[in-house]
Amino acid sequence: MADFQKMIEALIEGDEKKLTNLAQSALDEGVSAKEILEKGLMAGMDIVGEKMEAEDMFIPEVLRSAKTMSAVIDTLKPLLAEGDIGAVAKVIIGTVKGDLHDIGKNLVAMMLESAGFDVYNLGADVPPDKFVEEIKDKVADILCLSALLTTTMPMMKTTISALAESGLRDKVKVMVGGAPVTQDFADQIGADGYAHDAGSATKLAKALSQ
Ligand code: B12
């Protein structure tokens, strides 16, 4: 019998070896890669997100779980059918122009990927027209903007204005985040949502893509 509960525990502990072994035994028993992904990995990552929000898990532990999940997904990938991963919604994510901080943004990207989103990570220091171009190209549903500096926060507004100018504002939901960003600021600049950490960002993205 595949032990999904043990997989969840191994993911929370960030124990890649244990999780890989558990996933392999499940595969040997004939459990599908899709079922392992959903009941072991994604279910585990939902709990990691909840623990992060409750401050029962902290950044290094969450990063460890996210890396463990990515590694095990890589081993499952050849066995997953087209459409087993992704398809929740397409997300474009990046840190705004002038800002080089990307650790938190990458964590959000990893958590979104783990939750099944199709994520295009544009990196840091991304100018507004690059976001616009990629949203058009990928036909994205959600744009995630990160800023860690009070001096680059206004660039979020500039980016949203660029979306409006290109006629894309109604086609994409905009989420903003980063340590100095607040719900008030998100409201002021006309974003669709704000989340204070990667766990709540995943919840918000799910809500916005419904
Ligand atoms: C690491 C770091 C750097 C590294 C960045 C490396 C990298 N690859 O990211 C380096 C050394 C390059 C750097 C440079 C600078 N830094 Co710096 N840096 C930090 C530091 C110590 C940690 C940031 C971090 O990674 N936190 C951990 C992550 C996981 O947290 P996070 O980013 O907040 O992300 C979480 C949430 O905010 C949220 N989130 C993040 N993005 C998004 C996006 C969305 C859509 C959503 C929903 C949620 C979300 O989810 C994440 C996960 O939970 C902070 C201090 C601090 N404690 O925050 C200073 C800090 C941000 N830096 C600061 C400064 C001043 C600078 C410099 C100007 C310093 C200088 N004089 O050169 C330069 C600016 C360079 C530039 N142009 O960007 C100041 C900013 C002050 C301010 N109010 O503006 C801080 C606060 C330090 C301080 N106390 O003074 N920095």
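Order of appearance sets the numbers: ligands from 1, and atoms from 1 within every ligand.
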Undergrad: Can you see whether Asp28 engages Gln24 through a side-chain donor-acceptor pair at a distance of less than 3.5 angstrom?
TA: yes
Undergrad: Hey, are the side chains of Val174 and Val176 touching, using non-hydrogen atoms and a 4.5 Å cut-off?
TA: yes
Undergrad: Would you compute the distance between atom OG of Ser200 and atom CE of Met52 and round it to the nearest 0.5 angstrom?
TA: 7.5 Å
Undergrad: May I ask you to check whether Tyr194 has an N/O atom sitting below 3.5 Å from an N/O atom of ligand 1?
TA: no
Undergrad: Tell me which one of Asp102, Asp99, Ile59 gets a heavy atom nearest to atom 8 (N) of ligand 1.
TA: Asp102
Undergrad: Establish whether atom 12 (C) of ligand 1 and some protein heavy atom are separated by less than 4.0 angstrom.
TA: no
Undergrad: Regarding atom 49 (C) of ligand 1: of the candidates Gly123, Gly178, Gly104, which has the closest heavy atom?
TA: Gly178
Undergrad: To which protein heavy atom is atom 41 (N) of ligand 1 closest, and what is the distance rounded to 0.1 Å?
TA: Ser146 OG, 2.7 Å
Undergrad: Suppose the cut-off is 2.8 Å; how many protein N/O/S atoms fall inside it around atom 17 (Co) of ligand 1?
TA: 1
Undergrad: Could you work out, for atom 47 (C) of ligand 1, the closest of Ile93, Val176, Val108 by heavy-atom distance?
TA: Val176
Undergrad: Any N or O of Ala198 that comes nearer than 3.5 Å to an N or O of ligand 1?
TA: yes
Undergrad: Indicate yes or no: at least one non-hydrogen side-chain atom of Tyr120 is less than 4.5 angstrom from one of Ile93.
TA: no
Undergrad: Nearest 0.5 Å, please: how far is CE in Met69 from CG in Leu19?
TA: 9.0 Å
Undergrad: For atom 38 (C) of ligand 1, what is the nearest protein heavy atom, given as residue, atom name and distance?
TA: His196 O, 3.7 Å
Undergrad: Give the residue, atom name and distance (to 0.1 Å) of the protein heavy atom nearest atom 84 (O) of ligand 1.
TA: Thr150 N, 2.9 Å
Undergrad: As a quick check of understanding, evaluate side chain to side chain contact (heavy atoms under 4.5 Å, CB included) for Lys97 and Thr152, giving each step before the final call.
TA: CA-CA 7 Å; Lys97 188 179 170 196; Thr152 55; over 6 Å; no
Undergrad: Would you say atom 55 (C) of ligand 1 has a protein heavy atom nearer than 4.0 Å?
TA: no
Undergrad: Could you work out, for atom 42 (C) of ligand 1, the closest of Gly94, Ala191, Gly177 by heavy-atom distance?
TA: Gly177
